**Q** 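I'd like to ask some things about the structure below.
Here, residue 1 is the first one in the sequence, and each next residue gets the next number. Bear in mind that the values here come from a model prediction, so they are computed numbers and not experimental data. Counting starts at 1 for both ligands and their atoms, in listed order.
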Amino acid sequence: MTIYDVVVLGGGPAGTTAALRARELGASVALLERGEMGGVCTNDGCIPTRVLAKAARLVRDADQFDAYGLSGARPTVDLARVMARVQQMIGRIHEKKQIVSHLESAGVLVRANAGEARFVDAASVILPTGETFQGKTFILCIGGHARRLPIPGGEYALTHSDLWSLRALPRSMAVVGGAATGCQIASIFAAFGSHVTLLDFADRIVVGEDIHTSQALTRAFSQHGIDIVTSAEVQTLQKNEDGMHLGYSVAGELRTLDVETVVVAAGWPGNVDTLNLEAAGIETARGYISVDESLRTTAPNIYAAGDITGRMMLVQSAGDEARVAAENAVLGRNRRQPHTVVPHGSFTDPEYASVGLTEAAARNAHECAVALVPYADLDRAIVDGYRDGFFKLIVERETRQILGAHVVGEQAVEIVQLVAAAMTGGTRVEQLAELELAYPTYTGIVGLAARQISRELGVVPLSDEWRAQQAPRSSEWERSPE
Ligand SMILES: Cc1cc2nc3c(=O)[nH]c(=O)nc-3n(C[C@H](O)[C@H](O)[C@H](O)COP(=O)(O)OP(=O)(O)OC[C@H]3O[C@@H](n4cnc5c(N)ncnc54)[C@H](O)[C@@H]3O)c2cc1C
Ligand SMILES: NC(=O)c1ccc[n+]([C@@H]2O[C@H](COP(=O)([O-])OP(=O)(O)OC[C@H]3O[C@@H](n4cnc5c(N)ncnc54)[C@H](O)[C@@H]3O)[C@@H](O)[C@H]2O)c1
């Protein structure tokens, strides 16, 4: 029997990338995927959600027709056709990527739609067909799944995966969980015309983000008609003739809500139950495979990458972990993957994004200078009619290194990538301030914030008179009244 240098389990972004990187390094590689190639990213997460976000955006854009001298009614949403577009786009991405032939032409042996692989021991896995694969090393890229609510009636709630088969727009929807997935679903279905209530355990939505992000998103969502209930513990779900009856408590007070549909987006545990991990001596913690900083599991020849490690749970991080795990597996190295600079965000209306430390975390550990620039300062935001939003830049006072940035507003996810590049390159704030960013753009707001902090830190010359009399931002070409 062939003994592969590397056997990769999972054909999502992490598995595909790990297999290709291992082949680049000359290893013999087999990849086993239980279902369709592409993973959650292509089939059930980023791509289908992004199609819905685009449709929601087209609906919302109609709100501006009149202001720009255009006539036309707000589109009505034919959800069956929207979902057909979702499937069409998933198909197009598969056609574009051709993952199986890409891997095979790189020399990877692929078994897709092969059913769950299970460990026999630390050197072999078996497929439901009985086919066995032996490996010197393994890279586990088996992802995660939506958590069901462990409450009476929890099985009646939909997860995001069930949305793709909806054919009619729910009149009303409760979304349980107000982080990346829940906020996207709430924002999209509110734009489509559903009446959405968003509930979260935490005392604010997007609780992992900077406080300003939560506040701005809460304000915007409320303006879009989304009811937000925080510190809410959902306790029961009942199915009745008209839909769902939801029982929840806020600070001990029992409340109820009747909606047509409940969607749960309350966490993303790893797929740890399917692999017979014990047979290989692989330990788990909090529902994910435990790895050290080199992505090695508790079995010395077995690595893990992507959502299954429970670290960043983003496509870019899955790819990065996969490359590092493949290098460590093939070259016997101990390269680390600390996830220091990870720009990320979500395609809500408005978008939000961040990189690095929140202001609270930064102030805990550093002396900081912070600039908070409103979108209303940007000429482009005024012209486009997207004047709501902010950009926050956080800088270490002494070293003038960038510690983090947080954005809510148009193209937030794109803006934050520039800051990530600056952080990775060790760019000081005054160097960022001098970058000749194109005008009129949303990214220009990075320059406004960087120059504000440069002035505050005294790294650009200012007369005593100016310093004493003028607000620090007022010498900018792009500005709005204070
Ligand atoms: C609604 C939603 C929207 C998202 N949007 C974004 C976004 O915009 N940007 C972003 O960066 N991230 C986004 N994410 C997160 C992103 O999808 C994941 O971080 C990414 O897919 C992780 O890649 P992965 O390869 O680790 O896992 P997955 O993509 O989950 O792939 C794991 C693969 O392993 C297979 N598998 C599992 N068990 C076995 C087994 N025993 N044997 C064989 N195969 C097995 C699965 O079938 C699956 O194909 C989103 C997630 C969701 C849910
Ligand atoms: N655009 C993107 O990049 C994107 C989109 C979706 C998901 N993702 C990633 O996928 C992963 C999973 O995201 P997610 O949003 O599904 O889960 P999450 O674990 O990030 O957030 C779950 C939310 O549900 C809340 N919650 C948990 N139990 C609850 C309960 N019983 N009642 C009410 N609220 C409850 C939590 O307080 C939390 O806010 C994350 O790592 C995320 O970054 C990324």
**Q** So which protein heavy atom does atom 12 (C) of ligand 2 come closest to, and at what separation?
**A**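 Going atom by atom, the protein heavy atom closest to atom 12 (C) of ligand 2 ends up being Trp268 CB, 3.5 Å.
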**Q** Atom 26 (O) of ligand 1: which protein heavy atom is closest, and how many Å away?
**A** Asp307 N, 2.9 Å
**Q** Quick one: which of Ile308, Ile142, Leu277 has a heavy atom closest to atom 38 (N) of ligand 1?
**A**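 Nearest option to atom 38 (N) of ligand 1, by heavy atoms: Ile142.
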**Q** Pick out which of Thr443, Val355, Val446 makes a side chain to side chain contact (heavy atoms under 4.5 Å, CB included) with Val416.
**A**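 Result: among Thr443, Val355, Val446, Val355 is the only option passing the side chain to side chain contact (heavy atoms under 4.5 Å, CB included) with Val416.
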**Q** Classify the side-chain pair Glu283/Ser290 by whether it contains a donor and acceptor separated by less than 3.5 Å.
**A**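 No - no donor-acceptor pair under 3.5 Å links their side chains.
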**Q** Would you name the heavy atoms of Ala305 and Ala14 that are closest together and state the gap between them?
**A** O-CB, 3.8 Å
**Q** Would you call His344 a ligand 2 contact, heavy-atom distance under 4.0 Å?
**A**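 Contact check His344 vs ligand 2: negative.
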**Q** Any idea which part of Val315 is under 4.0 Å from ligand 1, heavy-atom wise: side chain, backbone, both or neither?
**A**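 Under 4.0 Å from ligand 1, Val315 contributes backbone and side-chain atoms.
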**Q** To which protein heavy atom is atom 36 (N) of ligand 1 closest, and what is the distance rounded to 0.1 Å?
**A**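 For atom 36 (N) of ligand 1, the nearest protein heavy atom is Arg34 NE, 3.6 Å.
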**Q** What atoms of ligand 1 come closer than 4.0 angstrom to any heavy atom of Phe347?
**A**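 Those qualifying, in numeric order: 8 (O).
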**Q** Could Asp320 and Arg323 be called an ion pair, given the rule that one side-chain N must be under 4.0 Å from one carboxylate O?
**A**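 Arg323 and Asp320: salt-bridged.
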**Q** If you take all heavy atoms of Tyr248 and Val234, which pair is closest and at what distance?
**A**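 Scanning both residues, the minimum pair turns out to be CB-CA, 3.7 Å.
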**Q** For ligand 1, which atoms sit closer than 4.0 Å to a heavy atom of Leu32?
**A** 43 (C), 44 (N)
**Q** Taking only heavy atoms of Gln184 into account, list the atoms of ligand 2 that are under 4.0 Å away from them.
**A** 5 (C)
**Q** Output yes when the distance from some N or O of ligand 2 to some N or O of Asp200 is under 3.5 Å, and no in every other case.
**A**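 Yes, there is a polar N/O contact under 3.5 Å.
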**Q** Going by an N to O cut-off under 4.0 Å, is there a salt bridge joining Arg57 and Glu410?
**A** yes
**Q** To check your reading of the model: name the closest protein heavy atom to atom 18 (P) of ligand 2, its residue, and the distance in Å.
**A**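 For this ligand atom, the closest protein heavy atom is Ala179 CB, 4.0 Å.
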**Q** Check each atom of ligand 1 against the heavy atoms of Gly306 and keep those under 4.0 Å away; list them by number with element.
**A** 26 (O)
**Q** Considering only non-hydrogen protein atoms, determine which one is nearest to atom 27 (O) of ligand 1 and report residue, atom name and distance to 0.1 Å.
**A** Gly143 CA, 3.5 Å
**Q** Could you report the tightest heavy-atom contact between Ser317 and His339, atom names first, then the distance?
**A**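 Closest pair (atom of Ser317, atom of His339, distance): CB-CE1, 3.5 Å.
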**Q** For ligand 2, indicate whether the residue Val176 contacts it via side chain, backbone, both or neither (heavy-atom separation under 4.0 Å).
**A** side chain
**Q** Could you work out, for atom 19 (O) of ligand 2, the closest of Gly267, Ser231, Cys41 by heavy-atom distance?
**A** Gly267
**Q** Could you tell me, atom by atom, which parts of ligand 2 come under 4.0 Å of a heavy atom of Ala265?
**A** 22 (C), 23 (C), 24 (O)
**Q** Give me the one residue out of Asn43, Ile99, Thr42 that meets side chain to side chain contact (heavy atoms under 4.5 Å, CB included) with Met37.
**A**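 Only one of Asn43, Ile99, Thr42 forms a side chain to side chain contact (heavy atoms under 4.5 Å, CB included) with Met37, namely Ile99.
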**Q** Taking only heavy atoms of Thr274, which atoms of ligand 1 are found under 4.0 Å from at least one of them?
**A** 41 (N)
**Q** Quick one: which ligand 2 atoms are inside 4.0 Å of a heavy atom on Ser346?
**A** 1 (N)
**Q** Under 3.5 Å, N or O to N or O, is Gly182 touching ligand 2 that way?
**A** no
**Q** With rounding to the nearest 0.5 Å, note down the distance linking CG in Asn271 to OH in Tyr288.
**A**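 Taking CG in Asn271 and OH in Tyr288, the distance rounds to 10.5 Å.
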**Q** Quick one: do Arg118 and Glu116 make a salt bridge, cutoff under 4.0 Å?
**A**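 Glu116 and Arg118: not salt-bridged.
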**Q** So if I count the atoms of ligand 1 from 1 in the order they appear, which ones are less than 4.0 Å from some heavy atom of Cys41?
**A**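 What qualifies from ligand 1 is 17 (O), 21 (O), 29 (O).
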**Q** List the closest protein heavy-atom neighbour of atom 25 (O) of ligand 1: residue, atom name, distance to the nearest 0.1 Å.
**A** Ala14 N, 2.9 Å
**Q** Of all the atoms in ligand 1, which lie at a distance below 4.0 Å from a heavy atom belonging to Trp268?
**A** 53 (C)
**Q** If we only count N/O pairs under 3.5 Å, is Gly345 in contact with ligand 2?
**A** yes
**Q** Other residues, nucleotides and ligands only: do more than 12 of their heavy atoms fall within 6.0 Å of CZ on Arg363?
**A**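 Yes.
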**Q** Tell me which part of Leu275 gets within contact of ligand 1: side chain, backbone, both or neither, using heavy atoms under 4.0 Å.
**A**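 Under 4.0 Å from ligand 1, Leu275 contributes side-chain atoms alone.
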**Q** Using heavy atoms and a 4.0 Å limit, tell me yes or no: is His160 in contact with ligand 2?
**A** no
**Q** I'd like to know whether ligand 2 has Gly144 as a neighbour, heavy-atom separation below 4.0 Å.
**A** no
**Q** Looking at Arg21 and Glu24, is there a salt bridge between them, counting it only when a charged N and a carboxylate O are closer than 4.0 Å?
**A** yes
**Q** Looking only at non-hydrogen atoms, which of Cys46, Ala318, Ser317 approaches atom 6 (C) of ligand 1 most closely?
**A** Cys46
**Q** Which ligand 2 atoms does Leu149 reach within 4.0 Å, using its non-hydrogen atoms?
**A**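 Listed by number with element: 31 (N).
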**Q** Considering heavy atoms of the protein only, find what lies nearest to atom 26 (N) of ligand 2 and give residue, atom and distance to 0.1 Å.
**A** Ala266 CB, 3.9 Å
**Q** Side chain of Asp5, backbone of Ser28: donor and acceptor closer than 3.5 Å?
**A**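 Looks like yes, one N/O pair under 3.5 Å.
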**Q** Among all protein heavy atoms, pick the one closest to atom 28 (N) of ligand 2 and tell me residue, atom and distance.
**A**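 Checking every protein heavy atom, the shortest distance to atom 28 (N) of ligand 2 gives Arg147 NH2, 3.0 Å.
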**Q** Starting at NE2 of His406, measure out to CD1 of Ile394 and round the result to the nearest 0.5 Å.
**A**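 CD1 of Ile394 is found 4.0 Å from NE2 of His406.
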**Q** What protein heavy atom lies closest to atom 23 (O) of ligand 1? Include the residue and the distance to one decimal.
**A** Pro13 CD, 3.4 Å
**Q** Show the atoms of ligand 1 that are less than 4.0 angstrom away from any heavy atom in Gly39.
**A** 29 (O), 31 (O), 48 (C), 49 (O)
**Q** Determine, for Arg148 against Glu155, whether the closest basic-nitrogen to carboxylate-oxygen distance falls under 4.0 angstrom.
**A** no
**Q** How far is atom 42 (N) of ligand 1 from its nearest protein heavy atom, and which residue and atom name does that atom have?
**A** Ala117 N, 3.1 Å
**Q** In the protein, what heavy atom is nearest to atom 49 (O) of ligand 1, and what distance, to one decimal place, separates them?
**A** Glu33 OE1, 2.7 Å
**Q** If hydrogens are left out, which of Gln316, Arg204, Met313, Met312 has an atom nearest to atom 42 (C) of ligand 2, that is, the closest non-hydrogen atom?
**A** Met313
**Q** Can you tell which of Ala353, Ala180, Ala202, Ser317 gets a heavy atom nearest to atom 8 (N) of ligand 2?
**A** Ala180
**Q** Out of all atoms in ligand 1, which are within 4.0 Å of some heavy atom of Cys141? Include the element for each.
**A**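 Near Cys141, meaning under 4.0 Å from one of its heavy atoms, ligand 1 has 32 (C), 33 (C), 34 (O).
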**Q** Starting from atom 28 (P) of ligand 1, locate the nearest protein heavy atom and write down its residue, its atom name and how far away it is, to 0.1 Å.
**A**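 Result for atom 28 (P) of ligand 1: Val40 N, 3.6 Å.
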**Q** Check Leu314 against ligand 2 and report side chain, backbone, both or neither, counting heavy atoms closer than 4.0 Å.
**A** side chain
**Q** I need the atoms of ligand 2 closer than 4.0 Å to a non-hydrogen atom of Thr181, numbered in the order shown.
**A** 6 (C), 7 (C), 13 (O), 14 (P), 15 (O), 16 (O)
**Q** Apply ring-ring contact (aromatic ring centres under 6.0 Å, His included) to the pair Tyr442 and Tyr386, showing each step before the final yes or no.
**A** CA-CA 10 Å; Tyr442 293 98; Tyr386 299 123; 7.1 Å; no
**Q** Identify the closest protein heavy atom to atom 33 (C) of ligand 2: which residue and atom is it, and at what distance?
**A**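 Of every protein heavy atom, Phe201 N, 3.3 Å lies nearest to atom 33 (C) of ligand 2.
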**Q** Look at atom 51 (C) of ligand 1 and find which of Gly45, Gly10, Gly11 reaches it with the closest heavy atom.
**A** Gly45
